[in-house]
Amino acid sequence: MQKEYIKPIFENAVKSLGIENANLIFDVPKNLDFGDFSTNIAMQLAKALKKSPREIAELVISKLEFDNNLIEFVNIAGAGFINIKFSNNFYHNCLENIANFDTEFGKQTTGIGKKVNVEYVSANPTGLLHLGHGRNACTGDTVANLFEWLGYEVTREYYFNNAGNQMNNLGKSVYARYMQIIEDENFPFPEDGYHGEYVKEIAQFLFEKYEKSLAEKNEENLTICRKKAEEWCFEKILNTLEKMKIKQDIFYNEDTLYTDGKIAKLIEDFKEMNLAYQKDGALWLKLTELGLDDDRVIVKSSGEPTYRLPDIAYHREKLLRGYDLVVDVFGADHIATVPDVLAGIKALGFDTERVKILIHQFVTLTENGVQVKMSKRTGKSYTLDDLLDEVGADVVRFFLLMRGISTHLEFDLSLAREQSDKNPVFYLQYAHARISSIFDKIEDKNSYLNDKIDFSLLKEKSEIDLIKRIIKFPEVIESAGLKCEPHHLTEYLRELAGDFHIFYHNCRILGAEQGLQNARLKLADITKNIIKNGLTILGISAPERM
RNA sequence: GCGCUCGUAGCUCAGUUGGAUAGAGCAUCAGCCUUCUAAGCUGAGGGUCACUGGUUCGAAUCCAGUCGGGCGUACCA
């Protein structure tokens, strides 16, 4: 908001010095005594104009044409920084504008008319979700929410595979557990089978439904085991996602790519482009031709495709559906597929800019400083569902979203359990509840609702600081959205809540002189809307009372 | 070995397209409730930004190398 005002003013000034297309950058100085913004333009131009930065700064300032009512000062500091400080009037005007947006403040138009597809979770129905999936799910869901705020038309998608090795493996594991129930507790369990307790639950369910009729080891019975396992896992997964307030629009089955002939078509196309060749009984993709280090197998000698082929076919399919942007959320363990997919779709003639792949690092769970294991294979695991039941969706989502996706995330179970001021999510919710409470206590709302609000009465430092923070909300939405970094929003909300708490502590709202009370109420109300909207984007509730 | 990623306060982490004295939360210590919710506020201590070199007016940030952690590196997904 501030930049929108000063940028053209500086552009004109720089232009009048004979410089076109200057790279004007406005930073917020660390030391607030320097002002609200600073620019290094004078240093940048030092070489071109062959003058010292301070001389240039003076020249630039002499050419600035601005409203003295809105800017308090512009001066030179240090090596040649130009510092700008806005007057309170400027901020009062901003607040007045924001008040007119009502609850829509922060919504952007960047994405209007554009379609984006965000694919996330995408866990195969071979087990229960764990914390890593949780991070994936919250990240994807929040990114999708952010895109909606940017104006995009958003499709949320879940990609899964209910065929192949891993599913067969699960079917066999269930069968073995089933046989252990009805026949012999030492019935051999597949070597690389799924050891989780849930496999026993599925077997128990089959026993109750079919009694001993599945005992014969044939294709039909194994299929029953596999199908039941798939159904059971999917139901659990969806249930867990629902608890996390996640609902996706499209569930895309990898199998569709085969039945619709998209895999066959892709093989054909690669062959036609001379990018596929036969070797050692397998079909290889010439990735070396596409700038990568090694060629890779796309169809095994057994005739089954490797994961690359459906991955590429799936991305082509999504792009052909007409999305301007296709976003994937992957865990770090899937990073190997990224270059292959990008090379593949590029070879097929698509702009790789249309695909954005988010890789999030792993989550570790700690309790009292000790790491808790949550492996799928070892059987004993702490699932996402357990966690949701224990600490609730708000805490889980906030904890999983409050770190940059590229860093390893440590989930502190002891802290998450703590229902106290140590738990950071309550800090935000508390600010929201506090504001609600004020509005419950207004004795006579008429003046607040009907009188023209005079924002110029807000002069305290904590009031102006809060306004400055409020102004930043749209930028935060835009940058968190376009960069797909939800934690920028969690950081911002924490700062906003902080500024509010300070304001609340320093400035009495109810009982202040009528005009001032109304202005402060409006300031609080705008803050409340932003917290509520921000938390909603994060998928976290904003309680009226705590 | 190679690729990706991370290394910032005791712990968990922020740190904008390179900017001025490196920040927050927790933990520790010291204060603030007759007034709108103390799940709050104020203050203090705490740093070789892993290491070395380079680029320049200026580096936690960019480049090269070294060390250390994680994930990949399959005719698993």
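FYI, side chains are in, hydrogens and waters are out, and symmetry mates aren't considered; it's all heavy atoms of this structure. Proteins come first, then strands; the chains are lettered A, B, ... in the order of their sequence lines, and each starts at number 1.
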[X] [atom1] - [N] [atom2] separation (whole Å):
X       : N       : atom1 : atom2 : value
Q514(A) : rC36(B) : CD    : C1'   : 15 Å
L482(A) : rU17(B) : CG    : C1'   : 14 Å
D394(A) : rA39(B) : CG    : P     : 18 Å
I335(A) : rC2(B)  : CD1   : P     : 17 Å
E418(A) : rA27(B) : CD    : C1'   : 12 Å
R296(A) : rG72(B) : CZ    : C1'   : 11 Å
H487(A) : rU12(B) : NE2   : C1'   : 14 Å
R308(A) : rG72(B) : CZ    : C1'   : 12 Å

Between [M] and [N], how far apart are the [atom1] atoms? Round to whole Å, please.
N       : M       : atom1 : result
rU5(B)  : rG45(B) : C1'   : 34 Å
rA20(B) : rC33(B) : C1'   : 40 Å
rU52(B) : rG43(B) : C1'   : 40 Å
rC63(B) : rC26(B) : C1'   : 36 Å
rU55(B) : rC13(B) : P     : 35 Å
rU56(B) : rA14(B) : P     : 32 Å
rA77(B) : rU73(B) : C1'   : 15 Å
rC75(B) : rG7(B)  : P     : 33 Å

Inset, instruction - Classify the glycosidic conformation of rC67(B) as syn or anti, calling it syn when the angle lies within 90° of 0. - result: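 It is anti.
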What nucleic acid atoms does [X] come within less than 4.0 Å of, heavy atoms only: base, sugar-phosphate, or nothing?
X       : answer
T306(A) : sugar-phosphate
T366(A) : nothing
D33(A)  : nothing
A77(A)  : base
G404(A) : sugar-phosphate
F81(A)  : base
S301(A) : base

Does OP1 or OP2 of [N] have a side-chain N or O of [X] closer than 4.0 Å?
X       : N       : value
R494(A) : rA14(B) : no
Y504(A) : rA39(B) : no
K30(A)  : rA20(B) : yes
K483(A) : rU16(B) : no
H505(A) : rC36(B) : no

Kindly indicate whether the side chain of [X] and the base of [N] share any N or O donor-acceptor pair separated by less than 3.5 Å?
X       : N       : value
D412(A) : rU12(B) : no
N40(A)  : rG19(B) : yes
T337(A) : rA77(B) : no
T407(A) : rC13(B) : no
H408(A) : rG69(B) : yes

With both distances kept under 3.5 Å, what pairs with [N], Watson-Crick or G-U wobble?
N       : answer
rU28(B) : rA44(B)
rU73(B) : rG1(B)
rA20(B) : none
rC36(B) : none
rC67(B) : rG7(B)

Would you mind checking if [Y] and [X] are paired as a salt bridge, meaning a charged N to carboxylate O distance below 4.0 Å?
X       : Y       : value
K318(A) : D328(A) : yes
R545(A) : D440(A) : yes
D465(A) : R469(A) : no
K472(A) : E475(A) : no

Can you figure out which of [options] approaches the side chain of [X] most closely?
X       : options                   : answer
I509(A) : rA77(B), rC36(B), rU17(B) : rC36(B)
R403(A) : rC13(B), rG15(B), rA77(B) : rC13(B)
S437(A) : rA39(B), rC36(B), rA38(B) : rC36(B)
Q361(A) : rG70(B), rC76(B), rU73(B) : rG70(B)
H501(A) : rA14(B), rG40(B), rC57(B) : rG40(B)
S406(A) : rC41(B), rC6(B), rC75(B)  : rC6(B)

Inset, instruction - Map D280(A) and G78(A) onto RNA chain B by nearest heavy atom, then report which one ends up closer to the 5' terminus. - result: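 Looking at the nearest nucleotide for each, G78(A) comes out on the 5' side.
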Legend entry - Earlier contact from the 5' end, RNA chain B, for P29(A) and A497(A):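 Residue closer to the 5' terminus by nearest nucleotide: P29(A).
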Is it the case that the side chains of [Y] and [X] hold a donor-acceptor pair, with the cut-off being a distance below 3.5 Å and no angle test?
X       : Y       : value
H408(A) : R403(A) : no
T288(A) : D293(A) : no
E460(A) : N506(A) : no

Inset, instruction - Can you measure from CZ (F234(A)) to CZ (F160(A)) and round to the nearest 0.5 angstrom? - result: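 One gets 4.5 Å once the value is rounded to the nearest 0.5 Å.
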Legend entry - Heavy atoms of other groups near Q371(A) CD, more than 12 under 6.0 Å: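 Result for CD/Q371(A): enclosed.
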